[in-house]
Asks: 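To start, I am sharing the structure in question, which I have written as structure tokens.
The sequence lines fix the lettering, A, B, ..., with proteins before strands; numbering per chain opens at 1. Owing to the predicted nature of the structure, the values given are computational and were not obtained by experimental measurement.
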2 protein chains.
Amino acid sequence: MSTSQGINVAIIGVGLVGTSVISQLTTIPNLASRLHIVALQNSKKTLLSTPASPLSLAPPADWKKLLSNSPTSALALPDLVVELQKITNDSGRHTAVVDNTSDETVAQFYPEFLKAGLSVVTPNKKAFSGSLDLYNQIKQLKSNEKPGSTGPLVYQESTVGAGLPIIGTLNDLIYTGDEITKIEGVFSGTLSYIFNEFSTPKGGDAKFSQIVKVAKENGYTEPHPDDDLNGSDVARKLAILSRLVPSLSTSLAEGYLSVPTHSLTPAPLSDVKSGDEYVQRLPEFDGDYTALNQAAANEGCVLRYVGVIDVEKGEIKASLEKYPSSHPFASSLSGSDNIVAFHTKRYSARPLIVQGAGAGADVTAMGVVADLVRVAERRG
Amino acid sequence: MSTSQGINVAIIGVGLVGTSVISQLTTIPNLASRLHIVALQNSKKTLLSTPASPLSLAPPADWKKLLSNSPTSALALPDLVVELQKITNDSGRHTAVVDNTSDETVAQFYPEFLKAGLSVVTPNKKAFSGSLDLYNQIKQLKSNEKPGSTGPLVYQESTVGAGLPIIGTLNDLIYTGDEITKIEGVFSGTLSYIFNEFSTPKGGDAKFSQIVKVAKENGYTEPHPDDDLNGSDVARKLAILSRLVPSLSTSLAEGYLSVPTHSLTPAPLSDVKSGDEYVQRLPEFDGDYTALNQAAANEGCVLRYVGVIDVEKGEIKASLEKYPSSHPFASSLSGSDNIVAFHTKRYSARPLIVQGAGAGADVTAMGVVADLVRVAERRG
């Protein structure tokens with residue numbers, strides 16, 4: 001093996017986030033020398049580096065064309081592992097797999113990547129918010145906290161709040177012995193936008209359904225708004241964070257399904273399959289939303305859809321809550337920003353707060369790339 | 001050399017922060033196996049680990065007594081280096097020096113630590129906010145961004161905002177290719193407290209001098225309040241952050257002295273040597289402070305003492321500024337919290353914000369210990 005110079009990076013999923021990851025890795029000078037892309041894979045094709053022809057993806061090269069012209073059909077994951085082990089041996093460099101998909105199948109394969117010595121870096125929430133069995137396998141197999149180990153690492157900063165320093169901060173707090181008492185935040189950019197528009201300290205007469213309609217039209221919601229409004233995305237993020245808090249780690253056997261979650265979708269619409277029909281019928285329920293908003297306003301409060309992990313009470317929930325106008329969740333939140341408040345023993349008088357855009361390809365990719373740099377620092 | 005298991009830690013300075021660092025390292029189970037204290041040194045004594053008698057500092061051991069009873073007088077720094085190199089060789093482990101002092105002398109010795117292969121972790125601002133020559137030497141000698149290197153590392157998270165993720169976040173933004181347009185924040189816990197009390201959205205009739213007096217009595221200010229009110233602490237933090245932003249890195253030849261800094265100390269008091277006399281005479285100038293506050297209030301604003309690094313304008317300054325009541329610096333700041341807003345190309349619509357306690361022994365020590373964990377991850 002030659003002296004290692006950085007690490008290899010194998011990228012699964014080249015959609016919006018994947019494209020931004022590739023862009024950052026190929027165009028930022030100090031990264032290109034540390035993070036060497038050796039594989040691209042989408043649902044159709046795989047493009048692999050070989051000793052005879054290493055991948056050269058930086059502009060003016062057109063990696064999209066190179067991938068679509070690749071003679072290799074998308075490899076099954078076990079076959080991809082075999083190829084990546086060859087590349088690892090040939091290059092003398094550690095290899096990290098980046099999963100930019102939101103696939104359950106890829107997530108379930110992380111243990112195999114790790115057994116093959118491959119690190120995993122991902123914004124995909126599935127592996128960390130689903131079954132406890134998969135989560136524990138990954139936890140056992142990763143070497144992040146094993147002194148002196150050269151084994152594979154797992155980094156997942158972008159699974160919550162995209163590039164915002166949320167997972168890293170929580171890990172630092174816990175690892176240095178702080179005691180988490182409560183984590184509370186607005187974790188969905190979509191629901192942040194909707195309630196920042198709908199429920200303001202100054203009041204307002206906007207209809208809930210109208211705001212959802214505009215959000216859908218601008219692409220702020222998923223194609224079917226219920227995928228945001230049912231709260232499952234927030235529940236997944238709560239499952240991820242909860243599992244990092246030692247005293248809560250055993251309480252989520254079914255992952256996000258174990259998190260009590262308040263759905264904002266009216267019961268009669270819960271079976272509507274079409275996003276368009278959903279938006280069309282939502283005005284029938286505006287009275288209910290307005291009543292909630294008015295009740296909050298009468299108490300000098302606004303509505304926010306939040307996730308709460310109350311360690312002292314042992315309570316985890318995704319729900320619609322009221323906050324006084326002076327609260328940071330009410331007064332200083334705008335747009336589609338995420339905000340997270342860590343209440344701890346050390347930050348007891350006032351919480352440690354992180355706020356900013358919690359979604360979007362570039363900031364998600366930034367979290368992924370920063371994680372890759374950490375792998376390169378430790379295994380490069 | 002035996003297989004490395006974590007790293008050695010040599011601690012210079014055992015005051016409030018040092019005591020908290022030692023407490024975290026000796027009482028938190030997962031840290032004790034990775035971070036091995038091999039030396040303690042204060043201005044009087046040095047306590048060293050030897051192969052025959054490794055240091056055992058965890059309670060019920062009384063490390064303060066062990067240090068004061070040590071037969072070894074405080075070693076000159078060159079002699080300490082010799083001892084630490086012996087310990088490094090004997091143990092087969094990398095060694096990091098933690099400088100918990102605020103000494104200029106220790107800071108100036110960092111290049112020698114690094115030349116001897118010792119990493120440096122510190123909350124001491126002096127080396128990063130002073131002469132450009134010292135800063136550049138340290139930058140050259142550290143291996144943080146050298147792929148494949150096993151050389152010494154420098155981490156300094158606690159030099160700005162104590163344990164808040166400020167330096168790490170800025171480094172991640174820059175390293176992944178984001179472009180910083182502006183960094184703006186309340187960087188002094190003391191000045192945060194004073195202006196959060198003095199200048200509120202609701203107005204108020206508190207006298208500036210009275211708030212300073214109470215702050216001094218509660219130990220929120222330095223013994224001489226001018227050390228806070230002259231803005232030099234904020235200027236140092238601005239110098240530190242500015243130097244991390246590549247496009248500004250050459251503009252601070254004299255460090256914090258090159259940062260235009262508005263002193264809050266009235267000119268006639270600038271030569272007053274006694275903190276008590278300073279506080280006694282400050283009421284003479286209450287009219288001036290009140291007039292400023294009233295002028296801000298007339299515009300619907302509050303006063304905040306902030307640091308601004310405007311990359312686009314090429315401007316760095318520590319100054320008293322007005323913010324509208326709805327601004328996060330006005331509405332959601334309280335107590336002695338720090339708040340930092342990173343405006344970047346990626347976080348352009350709204351900034352990435354980090355907020356929380358930016359001073360105090362435990363949170364400062366947390367930043368130090370998290371940095372030590374990073375060294376252990378890379379060199380352990």
Side-chain angles (χ1 to χ4, degrees), chain A residues 3-7 23-24 27-31 33-34 144-145 147-148 157 163-165 168-169 171-173 175-178 201 326-328 331-332 334-337 339 342 345-347 349-357 360 362-363 365-370 373-374 376-378 380, chain B residues 3-7 23-24 27-31 33-34 144-145 147-148 157 163-165 168-169 171-173 175-178 201 326-328 331-332 334-337 339 342 345-347 349-357 360 362-363 365-370 373-374 376-378 380:
Chain A
T3 306
S4 66
Q5 286 275 341
I7 60 167
S23 169
Q24 291 181 27
T27 61
I28 298 165
N30 57 359
L31 293 177
S33 62
R34 298 188 81 167
N144 292 51
E145 300 184 3
E157 182 60 76
L164 295 176
T169 298
N171 278 334
D172 279 354
L173 288 167
Y175 206 78
T176 63
D178 203 355
S326 60
H327 191 281
S331 61
S332 79
S334 65
S336 58
D337 275 3
I339 187 167
F342 296 100
K345 192 176 166 194
R346 290 186 197 136
Y347 294 94
R350 292 167 307 281
L352 190 168
I353 293 176
V354 176
Q355 181 180 347
D362 282 351
V363 292
M366 179 184 91
V368 169
V369 172
V373 170
R374 277 177 251 286
E377 287 176 349
R378 299 180 65 175
Chain B
T3 306
S4 68
Q5 284 276 339
I7 61 167
S23 168
Q24 291 182 27
T27 60
I28 298 164
N30 57 0
L31 294 177
S33 61
R34 298 188 83 167
N144 292 51
E145 299 185 2
E157 182 60 76
L164 296 176
T169 299
N171 278 335
D172 279 355
L173 289 166
Y175 207 78
T176 63
D178 203 355
S326 60
H327 192 281
S331 61
S332 80
S334 64
S336 58
D337 274 4
I339 186 168
F342 296 100
K345 191 175 166 196
R346 291 185 195 137
Y347 294 94
R350 292 168 307 281
L352 190 169
I353 293 176
V354 176
Q355 180 181 346
D362 282 351
V363 292
M366 181 184 89
V368 169
V369 172
V373 170
R374 278 177 251 285
E377 286 174 352
R378 299 180 68 175

Asks: Counting heavy-atom pairs under 4.5 Å to chain B, which of A:P165, A:P29, A:G168 comes out on top?
Replies: A:P165

Asks: Taking A:V354, A:L173, A:D172 one by one, which has the highest count of heavy-atom pairs under 4.5 Å against chain B?
Replies: A:D172

Asks: Top residue by heavy-atom pair count (under 4.5 Å) with chain B, among A:G356, A:G177, A:G360?
Replies: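 Winner by heavy-atom pair count: A:G177.
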
Asks: Is A:N144 in contact with chain B via its backbone, its side chain, both, or neither, using a 4.5 Å heavy-atom distance?
Replies: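 Backbone of A:N144 only, per the 4.5 Å heavy-atom cut-off to chain B.
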
Asks: Below 4.5 Å from any heavy atom of chain A, which atoms of B:S331 appear? Answer side chain, backbone, both or neither.
Replies: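 Both backbone and side chain.
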
Asks: At a 4.5 Å cut-off on heavy atoms, which part of B:S23 comes close to chain A: side chain, backbone, both, or neither?
Replies: neither

Asks: Nearest 0.5 Å, what's the CE-OG1 distance between B:M366 and A:T176?
Replies: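 B:M366 CE to A:T176 OG1: 5.0 Å, rounded to 0.5 Å.
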
Asks: Check each atom of B:A376 against the heavy atoms of chain A and say whether the ones under 4.5 Å are side chain, backbone, both or neither.
Replies: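 Answer is neither: B:A376 stays 4.5 Å or more from chain A.
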
Asks: I need the A:S332 OG to B:R350 CZ distance, nearest 0.5 Å.
Replies: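 Reported to 0.5 Å precision, the distance equals 11.5 Å.
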
Asks: Pick one of side chain, backbone, both or neither for B:L164, based on which atoms fall under 4.5 Å of a heavy atom in chain A.
Replies: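 Both parts, backbone and side chain.
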
Asks: What residue in B:T169, B:V363, B:N30 has the most heavy-atom pairs under 4.5 Å with chain A?
Replies: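 The option with the most such pairs is B:N30.
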
Asks: Does any heavy atom of chain A fall under 4.5 Å from the side chain of B:V373, the backbone, both, or neither of them?
Replies: side chain

Asks: Need one label for B:Q24: side chain, backbone, both or neither, based on atoms under 4.5 Å from any heavy atom in chain A.
Replies: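 Only the side chain of B:Q24 comes within 4.5 Å of chain A.
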
Asks: Looking at A:N171, A:D337, A:T27, A:V369, which one has more heavy-atom pairs under 4.5 Å with chain B than the rest?
Replies: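 If we count pairs closer than 4.5 Å to chain B, A:D337 comes out on top.
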
Asks: With a 4.5 angstrom heavy-atom cut-off, could you sort out which part of B:A357 is near chain A: side chain, backbone, both or neither?
Replies: both

Asks: So which part of B:I353 gets closer than 4.5 Å to some heavy atom of chain A, the side chain, the backbone, both or neither?
Replies: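 Interface part for B:I353: both.
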
Asks: So which of A:I339, A:I7, A:D362 has the largest heavy-atom pair count under 4.5 angstrom toward chain B?
Replies: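 Counting heavy-atom pairs under 4.5 Å, the top option is A:D362.
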
Asks: Would you mind telling me which of A:R34, A:K345, A:E377 has the largest number of heavy-atom pairs within less than 4.5 Å of chain B?
Replies: A:E377

Asks: B:P351 versus chain A, heavy atoms under 4.5 Å apart: side chain, backbone, both or neither?
Replies: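 It is the backbone, since no side chain atom gets that close.
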
Asks: Do you know the tightest heavy-atom contact between A:G367 and A:E157?
Replies: O-CB, 4.4 Å

